Amino acid sequence: MSQGKAQPAKGYLSGLARRLVADKVLAEDKARAAQQEAIKERMPFARHIVEKGLAPSRAVAEAASREFGAPLMDLASFQVLTEVLEKVDEKLVEKHHALPLRIRGKRLFLGVGDPTQVDAIDEIKFQTGLTVEPIVVEYDKLNKAVEAALAQMGAGTMDLGDADLEGVEVGEEGGSSGATDLTKADADDAPIVRFVNKMLLDAIKKGASDIHFEPYEKRYRIRFRIDGMLKEVASPPISQAGRIAARVKVMSKLDLAEKRVPQDGRIKLILSKTKAIDFRVNSCPTLFGEKIVLRILDPSSAQLGIDVLGYEPFQKELYMNALAKPYGMILVTGPTGSGKTVSLYTGVNILNTADRNISTAEDPAEINLEGVNQVNVNAKIGLTFAAALKAFLRQDPDIILVGEIRDLDTAEIAIKAAQTGHLVLSTLHTNDAPQTLTRLLNMGVPAFNIATSVTLIIAQRLARRLCKACKKPIDVPKEELLKEGFTETQISSPDFRIYEAVGCDQCTDGYKGRVGIYQVMPVSEEMGRIIMREGNSLEIADQSAKEGIWDLRTSALSKVMQGVTSLTEANRVTID
């Protein structure tokens with residue numbers, strides 16, 4: 001990016017550099033070196049020092065505001081209007097990293113990190129015919145705002161590395177190629193193709209688990225679920241709702257003409273010769289059009305390994321011991337989106353050796369794993385979980401994974417398999433481990449079969465990890481800590497410290513990534529006796545506590561004491 005002004009002589013400090021040195025924000029030698037590097041990179045000095053981490057973004061913005069007499073504005077709660085964005089060519093917004101904020105009469109207020117960006121001001125003034133007045137904003141907030149604005153404008157291509165928005169390939173389900181790309185698309189849909197591709201690539205880059213395309217009466221909204229929380233990332237014109245939905249449906253091979261009933265599909269996005277990401281797609285008719293949700297299925301999640309999932313050492317040992325047994329049943333329980341599939345597939349990946357025959361029945365298979373025979377159940381044609389399990393038992397299996405035990409037929413066949421020399425892994429929807437046993441009883445499974453087949457139950461939740469770069473310790477009154485469940489011994493320890501989320505340019509609201517919270521409960525002989533006399537989940541919970549089994553709350557508080565997550569987040573995922 002050219003500066004539109006004479007470059008300072010070597011050794012000469014520009015106005016902003018001098019101000020930062022005077023304010024003791026930056027050492028003089030570092031300021032001189034940074035100024036020369038910024039010139040070489042053809043980048044504004046302010047942007048360079050913020051992106052290189054040489055000075056806080058807020059301090060740089062305040063110094064620039066004082067030095068050049070330009071007003072300072074906080075973008076944190078500012079909403080850019082679509083009609084303002086439409087006045088400026090998105091290519092200029094991207095090129096100059098400048099954000100149009102407001103228009104008053106013939107004046108356009110332009111958010112910039114460095115008010116000496118003469119080229120940006122002149123080009124936008126020429127394109128719009130308006131008088132441009134610079135407003136200083138913090139660079140880290142400007143980065144996010146410009147990215148959101150480009151997405152809203154529909155053709156942003158910033159910061160996507162080597163990704164080709166126009167040539168992203170969509171492979172056939174099952175792995176054959178046959179790419180769909182821009183060269184085969186109608187010319188009128190080229191901006192929509194680029195926009196949808198950008199949304200998919202952005203979601204992958206940001207570590208999102210789901211993408212929501214949502215039409216409403218007067219607006220269209222796109223949200224990403226990042227670390228379990230939904231965040232709005234774009235709001236394209238409502239007039240484009242139909243074309244966006246049509247593009248996603250074409251990519252996922254859904255019926256374009258059918259808009260009255262839900263549809264399910266799949267997209268395989270081929271990013272490179274060695275990297276592909278699958279999306280599970282569902283469309284659902286709403287009052288104002290089709291809402292489409294994409295679940296991002298990353299096969300590499302099964303390769304993470306058990307050590308990074310968040311199990312405490314003794315919990316990991318219990319899980320590994322159960323996996324080492326040649327028969328029995330391991331059940332993983334928790335709400336939708338709590339990471340049950342990743343936990344199961346981590347176990348399957350450990351067991352996936354050449355001397356074992358592994359078969360899975362899922363609805364649908366979310367993670368593709370070489371060496372594992374995976375079946376998608378389809379109730380419409382009679383391929384239910386129970387039918388798939390019956391077939392597996394005739395295929396000389398060693399290990400069987402059932403996506404979910406939903407009914408008595410599936411439960412009885414799975415338990416029969418566990419009792420006849422097979423290791424069975426599956427999931428149930430219950431709140432904690434003790435309730436899983438009583439859920440099977442309520443399904444109609446005989447108590448004796450439960451007591452003799454189920455070896456381990458894992459209940460789990462996913463909590464957001466605190467960002468290591470910005471988390472800060474907090475003081476909480478002892479009385480409140482005791483109410484939360486901490487013990488006197490824990491609180492009185494000199495190492496006891498808990499942290500809270502802050503938020504910075506490296507994270508989302510103070511959090512980055514997620515960690516598992518687990519209750520790992522082996523089914524002991526005494527628990528078996530409680531089941532045999534059809535005791536309730538409270539009795540089983542009391543017995544597990546006597547045996548030293550951590551419940552979900554205890555595991556969550558342990559993660560808080562380790563500084564992995566916050567008390568607020570622990571309360572969110574473990575208090576009903």
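This is a predicted model, so every value here is computed, not measured.
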Would you say Glu258 has more than 12 foreign heavy atoms packed within less than 6.0 Å of its CD? yes
Answer yes when Lys512 and Asp227 have at least one side-chain N-carboxylate O distance shorter than 4.0 Å, and no when they do not. no
NZ/NE/NH1/NH2 to OD/OE distance under 4.0 Å, Lys478 and Glu480: no
Between Lys559 and Glu312, does at least one N-O distance fall below 4.0 Å, as a salt bridge requires? yes
Would you mind reporting whether Met320 and Ile350 have side-chain heavy atoms less than 4.5 Å apart? yes
Between Thr286 and Glu290, does any side-chain donor sit less than 3.5 Å from a side-chain acceptor? no
Closest non-hydrogen contact found for Cys467 with Cys504 is SG-SG, 3.8 Å
What are the two closest non-hydrogen atoms of Val523 and Val454, and how far apart are they? CB-O, 3.4 Å
Test item: Asp363 and Glu404 side chains (from C-beta on) under 4.5 Å apart, heavy atoms: no
Could you tell me if Glu539 and Gln543 have a donor-acceptor pair between their side chains, going purely by distance under 3.5 Å? no
Under 4.0 Å between a Lys/Arg side-chain N and an Asp/Glu carboxylate O for Arg529 and Glu525? yes
Could you check Arg221 against Glu214 for salt bridge (charged side-chain N to carboxylate O under 4.0 Å, His left out), going step by step and ending with a plain yes or no? CA-CA 5 Å; Arg221 178 172 69 173; Glu214 302 171 314; 2.8 Å; yes
Can the ring centres of Phe496 and Phe486 be said to be less than 6.0 Å apart? yes
Would you check if there is a donor-acceptor pair between the side chains of Gln419 and Asn449 at a distance under 3.5 Å? yes
Is there a donor-acceptor contact under 3.5 Å linking the side chains of Thr554 and Asp551? yes
How far apart are the C-alpha atoms of Glu569 and Arg461, what are their side-chain angles, what is the distance that settles it, and do they pass the salt bridge (charged side-chain N to carboxylate O under 4.0 Å, His left out) test? CA-CA 11 Å; Glu569 185 68 3; Arg461 301 289 188 273; over 6 Å; no
Using the ring centroid of each side chain, check whether Tyr311 and Tyr518 are separated by less than 6.0 Å. yes
Polar contact flag, side-chain donor to acceptor under 3.5 angstrom, Thr360-Glu362: yes
